[in-house]
Amino acid sequence: VQLQACGGGLVQTGGSLRLSCAASGTIFRDKAVGWYRQAPGNQRELVAITKSAGGTIYVNSVKGRFTISRDNAKNTVYLEMNNLKPEDTATYYCSHYPSMGYWGQGTQVTVSS
């Protein structure tokens, strides 16, 4: 299983980024998939989930700012991030939900104040 996240970068507060996560060796279509993030010194935390049958869940800190979506034909999950804040700075990963232990290298998001 390979999960390749990309799209991170350095943005100013209030900026936007769109992350992508392409999977191989696993099929996202029939599984819930989540975006997670880990800041230095912190534990990895769940940010958003897209359910296999549709529907999404967000942690309170990103509600109204982040949008998770999926393209099952491309076996890819996205995370649209708007109105970014410095506290969103972290390495972002996608994985199954609940995770099966596959993480990939993640993509770094840095929000400057």
Side-chain angles (χ1 to χ4, degrees):
V1 175
Q2 290 191 337
L3 302 170
Q4 294 210 329
C6 63
L10 172 64
V11 297
Q12 293 184 331
T13 296
S16 299
L17 286 171
R18 186 183 193 227
L19 308 183
S20 300
C21 178
S24 58
T26 184
I27 303 299
F28 276 165
R29 181 180 60 246
D30 55 351
K31 298 178 176 63
V33 180
W35 278 98
Y36 304 74
R37 66 186 180 187
Q38 187 170 19
N42 291 355
Q43 290 188 334
R44 190 171 292 164
E45 64 171 349
L46 178 66
V47 174
I49 301 168
T50 171
K51 301 178 183 178
S52 59
T56 56
I57 299 174
Y58 300 92
V59 295
N60 287 338
S61 60
V62 307
K63 279 182 180 177
R65 301 188 298 122
F66 290 11
T67 303
I68 189 171
S69 61
R70 63 165 75 201
D71 185 335
N72 288 332
K74 295 181 178 180
N75 212 27
T76 299
V77 174
Y78 305 95
L79 186 68
E80 183 79 29
M81 305 187 297
N82 297 312
N83 191 22
L84 282 161
K85 303 176 180 180
E87 52 263 43
D88 295 318
T89 295
T91 302
Y92 284 70
Y93 305 85
C94 77
S95 189
H96 304 94
Y97 180 81
S99 176
M100 298 180 180
Y102 303 106
W103 291 104
Q105 84 288 353
T107 186
Q108 177 66 37
V109 172
T110 303
V111 186
S112 63
S113 57

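- Y97 and L79 are members of different hydrophobic clusters when ILVMFWY side chains are connected at heavy-atom separations under 4.5 Å.
- There is no path of hydrophobic side-chain contacts, each under 4.5 Å, that joins I49 to L19.
- One hydrophobic cluster, built from ILVMFWY side chains closer than 4.5 Å, cannot hold both Y78 and Y93; they sit in different ones.
- Applying the 6.0 Å contact sphere to NZ of K74 captures no more than 12 heavy atoms from other residues, nucleotides or ligands.
- Counting all heavy atoms, side chain and backbone alike, V33 lies closest to S95 at CG1-O, 3.3 Å.
- Ring geometry for H96 against Y102 counts as perpendicular: the plane angle is over 60°, on a 0 to 90° scale with 30° as the lower cut.
- Surrounding CD of Q2 are at most 12 heavy atoms belonging to other residues, nucleotides or ligands under 6.0 Å away.
- The minimum heavy-atom distance linking N75 with T26 is given by the pair ND2-O, 2.8 Å.
- Across every non-hydrogen atom of R70 and A32, the tightest pair is NH2-CA, 3.9 Å.
- Nearest heavy atom pair, residue S52 against residue D30, reads CB-C, 3.6 Å.
- The distance from the OG1 atom of T76 to the CG atom of L3 is 10.5 Å, given to the nearest 0.5 Å.
- By the rule that hydrophobic residues join a cluster once side-chain heavy atoms approach within less than 4.5 Å of another member, I68 and M81 end up as members of one cluster.
- Looking at every heavy atom in both residues, C21 comes nearest to F28 through O-CE1, 4.0 Å.
- In this structure, CD on Q12 lies 9.5 Å from OG on S113, to the nearest 0.5 angstrom.
- A donor-acceptor distance shorter than 3.5 angstrom exists from the side chain of T89 to the backbone of V111, with no hydrogens or angles considered.
- Y36 and V77 are not part of a single hydrophobic cluster, where members link through side-chain heavy atoms under 4.5 Å apart.
- For the atom pair SG of C94 and CD of Q4, the computed distance is 10.0 Å after rounding to the nearest 0.5 Å.
- The number of heavy-atom neighbours closer than 6.0 Å to CZ of F66, taken from other residues, nucleotides and ligands shown, is above 12.
- Minimum interatomic distance between A39 and A90 (heavy atoms only, all atoms of both residues): N-CB, 3.8 Å.
- In this structure, CZ on R65 lies 4.5 Å from NZ on K85, to the nearest 0.5 angstrom.
- Without hydrogens or angle criteria, R29 side chain to N72 main chain gives no donor-acceptor distance under 3.5 Å.
- No donor-acceptor pair closer than 3.5 Å links the side chain of N82 to the backbone N or O of S16.
- T91 pairs in a side chain to side chain contact (heavy atoms under 4.5 Å, CB included) with only one of the listed residues (Q105, Q108, R37), which is Q108.
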